[in-house]
Amino acid sequence: MNKRILRLIVVITVLVLVAILIRTLQGPTLVSTDRGYRQVMGTFAHIIAVAPNKKTADDCVEAGFEKLRYIDQMMSDYDPNSELSRLNRQGFPGPVKVSQELFDVFLASVNYSEKTNGAFDITIGPVVDLWRKTEDTAERPGKEALDAAQKKVGYEKLTLDPNARTVRFAIAGMKLDLGGIAKGYAVDLAVKAMLQAGAAGGMVDVGGDIRCFGAATRGRKVWTIGLEDPATEGNVMMILKLNDMAVATSGDYRRFVLIDGRKFSHIINPATSTSAAQLSSVTIIAPTAIDADALATALSVMGTAKGLQLIGSTPRTEAILISPAPQSIQTRTSGAKKYIKNK
Ligand code: AMP
Ligand code: MG
């Protein structure tokens, strides 16, 4: 054989081998599935799955939504048939045996109550109910009603027995409200379900409580998450780059009532039974969505100084806070910067 042809064959063979090697090192080709938004947990949820093939990616999205629906049915306080609603009816005199998931959320909640000096408190239900009524009446709840409701609030009035997995309320009329933590918990469980179904990566978003993991879409390694500007709806205020992290935002800019032209947040300061007004928006970045969710609600109550102190002593957790308009001053922990794109 002609020497030149032989050399050419060798070169081509080497090139082909190098190409195969690169492809192997890159790992399997991944595809992603995005089936859009669906209504769950009183808001809109969005799941994206990345997997080795389309069928697995589709299955992962469905497994994620299935978990969200399961937790919604269990923890909704709007649904009188949910396990939480039943507990709220029977917790006093109790005790009531509850599912492992509910018990886990209660344990985490009490832990957050202790860490935040009571700023986060799921026994806030009776006071939340009074403020919710203002959505129809546009009038502040009366002092008498608030005082009576406040007597039924306090996480120390909740008895959790881990051995029997039971819950008991110390006084009649107590009501647990998981609005500040259930979405985050559900997001974490959905991520777990997706991993079990074979996801190589994914993103779960339930009304702004988001967790992303593993491979991102279009061969990227990090997920980009847009944060909405509290002052102008629909405007992206900043873009976060996250991987294997969660982010949650609490604030008065989406859900509030107007009374005499003043905004009243749906987040209540348990110490005063009035709506939290110190911050307009609180974004927390943390390893799990349950942590991000509970802390975002807690910091809305605690305000900037105490809030930053707490986040400073919480590992791998960052905060981005915005004070109410018109000042809208942004304060953040020093470590938040590494998650912000182009900053
Ligand atoms: P989020 O949007 O996660 O901040 O949750 C707000 C929801 O948490 C409210 O709509 C209430 O259902 C509930 N909530 C209000 N105040 C508190 C509080 N101080 N601690 C725990 N949950 C609260
Ligand atoms: Mg929350």
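In each ligand, atom 1 is the first atom listed, and ligand 1 is the first ligand listed.
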Chemist: Go through ligand 1 atom by atom and flag the ones less than 4.0 Å from a non-hydrogen atom of Ala119.
Modeler: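 Answer for ligand 1: 18 (C), 19 (N), 20 (N).
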Chemist: Any ion pair linking Asp188 and Lys192 (charged N to carboxylate O, less than 4.0 Å)?
Modeler: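 Looking at Lys192 and Asp188, the cut-off is not met.
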Chemist: Is Ala296 close enough that one of its N/O/S atoms sits under 2.8 Å from the Mg ion (ligand 2)?
Modeler: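 Checking Ala296: none of its N, O or S atoms is under 2.8 Å.
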Chemist: Check Thr123, Asp129, Asn88 against Lys175 for a side-chain hydrogen bond (donor to acceptor under 3.5 Å, both in side chains) and give me the one that passes.
Modeler: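 That would be Asp129; it is the only one of Thr123, Asp129, Asn88 passing the side-chain hydrogen bond (donor to acceptor under 3.5 Å, both in side chains) with Lys175.
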Chemist: Measuring from atom CG of Asp121 to atom CD of Glu156, what distance do you get when rounded to the nearest 0.5 angstrom?
Modeler: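 CD of Glu156 is found 7.5 Å from CG of Asp121.
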Chemist: When you look for heavy atoms under 4.0 Å from ligand 1, do you find them on the side chain of Arg132, its backbone, both, or neither?
Modeler: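 Contact part for Arg132 vs ligand 1: side chain (C-beta onward).
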Chemist: List ligand 1 atoms under 4.0 Å from Pro270, heavy atoms only on the residue side.
Modeler: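 Answer for ligand 1: 19 (N).
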Chemist: When only distance counts, is Thr249 in polar contact with ligand 1, meaning an N/O pair under 3.5 Å?
Modeler: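 No, no N or O pair falls under 3.5 Å.
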Chemist: Given Ser109, Ser113, Gly179, which has its nearest heavy atom closest to atom 5 (O) of ligand 1?
Modeler: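 Looking at heavy atoms only, Gly179 sits closest to atom 5 (O) of ligand 1.
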Chemist: Inspect the contact between Lys54 and Asp58 and indicate whether a charged nitrogen and a carboxylate oxygen are less than 4.0 angstrom apart.
Modeler: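 Salt bridge flag = yes for Lys54 with Asp58.
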Chemist: I need the OG1(Thr297)-the Mg ion (ligand 2)-O(Asp293) angle, rounded to 10 degrees.
Modeler: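 If I round to 10°, I get 90°.
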Chemist: Do other residues, nucleotides or ligands put more than 12 heavy atoms under 6.0 Å from the CG atom of Asn117?
Modeler: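 Not more than 12 within 6.0 Å, no.
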Chemist: Short list, please: which atoms of ligand 1 are under 4.0 Å from a heavy atom of Asp293?
Modeler: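 This gives 3 (O) as the contact atoms.
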Chemist: Could you tell me which atoms of ligand 1, counted from 1 in the order shown, lie closer than 4.0 angstrom to a heavy atom of Gly180?
Modeler: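 Contacts of ligand 1 toward Gly180, numbered from 1: 3 (O), 5 (O), 7 (C), 8 (O), 13 (C).
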Chemist: Thr297 to ligand 1: N or O pair under 3.5 Å?
Modeler: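 Yes: some nitrogen or oxygen of Thr297 is under 3.5 Å from one in ligand 1.
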Chemist: Do ligand 1 and Val301 have nitrogen or oxygen atoms that lie under 3.5 Å from each other?
Modeler: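 Min N/O separation from ligand 1 is not below 3.5 Å for Val301.
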Chemist: Would you kindly specify which portion of Asp121 sits under 4.0 Å from ligand 1, judged on non-hydrogen atoms: side chain, backbone, both or neither?
Modeler: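 Answer for Asp121: backbone.
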Chemist: Would you say NZ of Lys97 has more than 12 non-hydrogen atoms from neighbouring residues, nucleotides or ligands within 6.0 angstrom?
Modeler: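 Atom NZ in Lys97 is packed in, count exceeds 12.
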Chemist: Looking at Arg38 and Glu66, is there a salt bridge between them, counting it only when a charged N and a carboxylate O are closer than 4.0 Å?
Modeler: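 Arg38 and Glu66: not salt-bridged.
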Chemist: Other residues, nucleotides and ligands only: do more than 12 of their heavy atoms fall within 6.0 Å of CD on Gln100?
Modeler: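 Counting other residues, nucleotides and ligands, CD of Gln100 exceeds 12 neighbours.
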